[in-house]
Amino acid sequence: MNRNPIKHCKDCGHQVAYRLPDDGDTKPRAICTACTTVHYENPLNVVGTIPHWQGRVLLCKRNIEPRLGKWTLPAGFMELGETTAQGACRETLEEAGAQVELEGLFSVVNVARVGQVHLFYRARLLNDQFDPGHETMEARLYEEADIPWDELAFKTVAETLQRFFEDRRSGRFGFHDLAIP
Ligand code: ZN
C-alpha cells in the first residue's frame, strides 16, 4: 500500500528514494538522498459514530468528494492531540451538528489496502436537532427499513450498519473486528 508516495524529505527538502534501510528493516522506506532521514509511513485512523434516536440512525449526505451525494455515518480523520472518543464526537458535531453521548466502541474496520483503520462508536443522540456543516448537504434520521443501502458512501459504513442492526435484533450489542479486502 502506498497511495501517496513521499517525494521529498520533510526535513531538508531533497529527493527521497525508496530502499531498504541499513538497520535490518525488511520493508523499503522513503529515505532522503541527502540527509538519509528515514520517513516512516503508517496507517491513519478514521473515527466516527453510529448516532441513534428513538430507533432511528443518523446519516449524512456528503457535500464533498469523494462520494459526493452519497450517505455516510459521521466520521473523519483523527486529529493529533485527541483521543478516538473525542475525535468521534468532534466529527459528529462538525458533519451533522449533532450532540451525542458515546455508548461504547462498536466496530474496528481495517482497510489495509489504503492504510486506514476506522473506528465507530455507538452514540446516543441528545436531541434530534441537527445543524450540518459544509461537508454535509443533509443530516437525517433513518429507520432500518429506509436505509439507502445502495447509496452509502463507504463499505466501512455499510459493514458497520449491517452489524448494528443485526445486533439490535439479537438484543445484544457486541464488538466487531472487521476487515475490508
Ligand atoms: Zn533530508
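Both counts, for ligands and for their atoms, begin at 1 and track the order of listing. Side chains are part of it too, since the values below use all heavy atoms of this structure and drop only hydrogens, waters and symmetry mates.
- Under a 3.5 Å cut-off, the side chain of Thr72 and the backbone N or O of Ala153 do not form any donor-acceptor pair.
- Cation-pi geometry between Arg140 and Tyr142 is met: the NZ or CZ atom falls under 6.0 Å from the ring centre, inside 45° of the normal.
- Listed for the Tyr121 side chain is no donor-acceptor partner under 3.5 Å among the backbone atoms of Val47.
- Residues His176 and Glu166 bring no donor and acceptor atom of their side chains to less than 3.5 Å of each other.
- Of the possible donor and acceptor atoms, none in the side chain of Arg163 sits under 3.5 Å from a partner among the backbone N and O of Asp167.
- Counting only protein N, O or S atoms closer than 2.8 Å to the Zn ion (ligand 1) gives 4.
- In this structure, the side chain of Arg168 engages the main chain of Gly55 through a donor-acceptor pair within 3.5 Å.
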